[in-house]
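Read through the structure below, which is laid out as structure tokens, and then see the notes.
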Amino acid sequence: MLLIVANWKAYVEDVEKAKKLRALGKRLSAKKRTRLVLAPPAPFLSLLARGPASRLSYAIQDVSATSGGAQTGEITARAAAAAGASYAIVGHSERRARGETDAVIAEKLTHALAQGLTPILCIGERTRDREGRYLAFVREELSVALEVLAPKDRGKVIIAYEPIWAIGKTAADAIRPTDLTEMVLYIRKVLAELLPGKSAVQAQVLYGGSVESTGVRDLAAETGVDGFLVGHASVDPAMFSALVRALW
Ligand code: PGA
């Protein structure tokens, strides 16, 4: 089963569009081969998550590093869970670009886990280099975020490998399957050092960065990836539908 997380970012700004995409998500949820998670902008979360239970799940795009109280504008993990989220995207590169540090990300993971949300931790290098410095960078991002968590909690975190150089482009700019295979292996190797027992084997590793219907099947086949975090292609009904169907 492949997990597909539809990261709507701030592309969706009206209720009608949000409802249409949810209706499409419901239709695409029927097949067991894929499991869909919608990550709408926070104000639409409770509206969308309400209603009859379905195979669709919901994610909040970010959670507060605070425990609430006098924190104007913050959306706590508890509020997100109450609004219907079961997942929380944490450490997306677009949040990191606004100054979010690894320490803040670790706090966010702690809050999300404490409220029963499954965190989707985004990591990924800005550029690639021949010397393999990007590998050390990814290792550092993973270690700093996970080390502060209790060992039993570390395995609950879904990892989304999203190289920044591949985000927001088109399918031709996404990672190549061979490079993804290598990265998934590498991430599992680092996880094996951080996670207790054999839990690294079960850890879920997603890929994100210009995932579209073209090429997605190759990215899913034999790379060892457990699913995808999809940005722009998740808010275009035709593109999203084609993408999910390509994986059936
Ligand atoms: P993209 O975004 O699919 O538009 O590249 C992915 C992401 O940033 O999560």
Test item: S93 and I167 side chains (from C-beta on) under 4.5 Å apart, heavy atoms: yes
Contact summary for A6 and F240, nearest pair of heavy atoms: CB-CZ, 4.0 Å
Run the numbers on L38 and L56 for side chain to side chain contact (heavy atoms under 4.5 Å, CB included), then give the verdict. CA-CA 7 Å; L38 303 184; L56 269 185; 3.8 Å; yes
Counting only heavy atoms not in K169, do more than 12 fall under 6.0 Å of its NZ? yes
Kindly check if the number of other-residue, nucleotide or ligand heavy atoms within 6.0 Å of CZ (R128) is above 12? yes
Contact check, side chains of S213 and R245, non-hydrogen atoms, under 4.5 Å: no
Starting from L219, can I reach W165 by hopping between I/L/V/M/F/W/Y residues whose side chains sit under 4.5 Å apart? yes
Looking only at non-hydrogen atoms, find the nearest pair between A145 and L109 and report the distance. O-CD1, 3.6 Å
Closest non-hydrogen atom pair, W8 against S234: CD1-OG, 3.5 Å
In sequence, state the C-alpha distance, the side-chain angles, and the governing distance for R27 and S241, and then conclude on side chain to side chain donor-acceptor pair (under 3.5 Å). CA-CA 9 Å; R27 286 199 297 280; S241 179; over 6 Å; no
Just how far is it from atom CG of L146 to atom NZ of K156, taken to the nearest 0.5 Å? 13.0 Å
Using 0.5 Å steps for rounding, measure from the CD atom of E222 to the OG1 atom of T178. 12.5 Å
Rounded to the nearest 0.5 Å, the CG atom of L206 sits from the OH atom of Y161 at a distance of 13.5 Å
Has the side chain of E74 got a donor or acceptor atom that lies under 3.5 Å from a matching backbone atom of S64? no
State plainly whether one hydrophobic cluster holds both I105 and I164, where clusters connect Ile, Leu, Val, Met, Phe, Trp and Tyr through side-chain heavy atoms under 4.5 angstrom apart. no
Main-chain N/O of L36 paired with R55 side-chain donor or acceptor, under 3.5 Å: no
Do R22 and F44 touch side chain to side chain, with heavy atoms closer than 4.5 Å? no
Any sub-3.5 Å donor-acceptor pair from N7's side-chain atoms to L229's backbone N or O? no
What residues, two or more places apart in sequence or in another chain, satisfy side chain to side chain contact (heavy atoms under 4.5 Å, CB included) together with I75? A42, I60
Nearest heavy-atom approach of L117 to A80 is CD1-CB, 4.3 Å
Salt-bridged, K17 to D14, with N to O below 4.0 Å? no
Rounded to the nearest 0.5 Å, what's the gap from CZ on R176 to OG1 on T181? Could you check? 11.0 Å
Just by modelled atom types, is the A77 backbone N or O under 3.5 Å from a matching donor or acceptor in the H111 side chain? no
Do you see a donor-acceptor pair shorter than 3.5 Å between the side chains of S199 and R154? no
Note, L142 side chain near I187 side chain (heavy atom, < 4.5 Å): yes
Linking I/L/V/M/F/W/Y whenever any side-chain heavy atoms sit under 4.5 Å apart, do Y87 and V63 land together? no
Nearest 0.5 angstrom please: L185 CG to L180 CG, how far? 10.0 Å
CD1-SG distance between I89 and C122, expressed to the nearest 0.5 angstrom: 6.0 Å
For residues Y11 and Y58: do they belong to one hydrophobic cluster (side chain heavy atoms under 4.5 Å, members Ile, Leu, Val, Met, Phe, Trp, Tyr)? yes
Quick one: does any side-chain atom of R188 pair with a main-chain N or O of A203 as donor and acceptor, under 3.5 Å? yes
Answer with yes or no whether the hydrophobic clustering places V235 together with L47; edges join I, L, V, M, F, W, Y residues whose side-chain heavy atoms lie under 4.5 Å apart. yes
Taking the side chain as C-beta and beyond, is there a heavy-atom pair between T170 and S210 under 4.5 Å? no
Verdict with reasoning, R139 to E193, per salt bridge (charged side-chain N to carboxylate O under 4.0 Å, His left out): CA-CA 10 Å; R139 169 186 286 275; E193 296 164 18; 2.8 Å; yes
Tell me, do M239 and E212 make a side-chain contact under 4.5 Å, heavy atoms counted? yes
Would you sort out whether E94 and K9 count as a side chain to side chain contact (heavy atoms under 4.5 Å, CB included), showing the intermediate values? CA-CA 9 Å; E94 286 152 15; K9 306 193 180 189; 2.8 Å; yes
Looking at every heavy atom in both V144 and A106, which two are closest together, and how far apart are they? O-CB, 4.2 Å
Indicate the ring-plane relationship of Y207 and F228, choosing parallel, tilted or perpendicular according to the 30° and 60° boundaries. perpendicular
Check whether S46 reaches the backbone of A83 with its side chain - one donor and one acceptor, N or O, closer than 3.5 Å. no
Does the pair R133/E125 count as a salt bridge with the N-to-O cut at 4.0 Å? no
Start with the C-alpha gap between L149 and T110, add the side-chain angles, then the distance that decides, and say whether side chain to side chain contact (heavy atoms under 4.5 Å, CB included) holds. CA-CA 7 Å; L149 304 178; T110 307; 3.6 Å; yes
Are V157 and I159 side-chain neighbours, meaning at least one heavy-atom pair lies under 4.5 Å? yes
Just wondering, do I158 and P119 contact through their side chains at under 4.5 Å, heavy atoms? no
Spell out, as yes or no, whether a donor-acceptor pair under 3.5 Å connects the side chain of E162 to the backbone of I123. no
Looking at every non-hydrogen atom in both residues, tell me the closest pair between V184 and G224 and how far apart they are. CG1-O, 3.6 Å
For D62, run the salt bridge (charged side-chain N to carboxylate O under 4.0 Å, His left out) check against R98, R96, R95 and tell me which one passes. R95
P40: which of L45, L21, V12 passes side chain to side chain contact (heavy atoms under 4.5 Å, CB included): L45
Ion pair check, E100 and K108, cut-off under 4.0 Å: yes
Please step through side chain to side chain contact (heavy atoms under 4.5 Å, CB included) for the pair V190 and V138, ending with a clear verdict. CA-CA 9 Å; V190 176; V138 164; over 6 Å; no
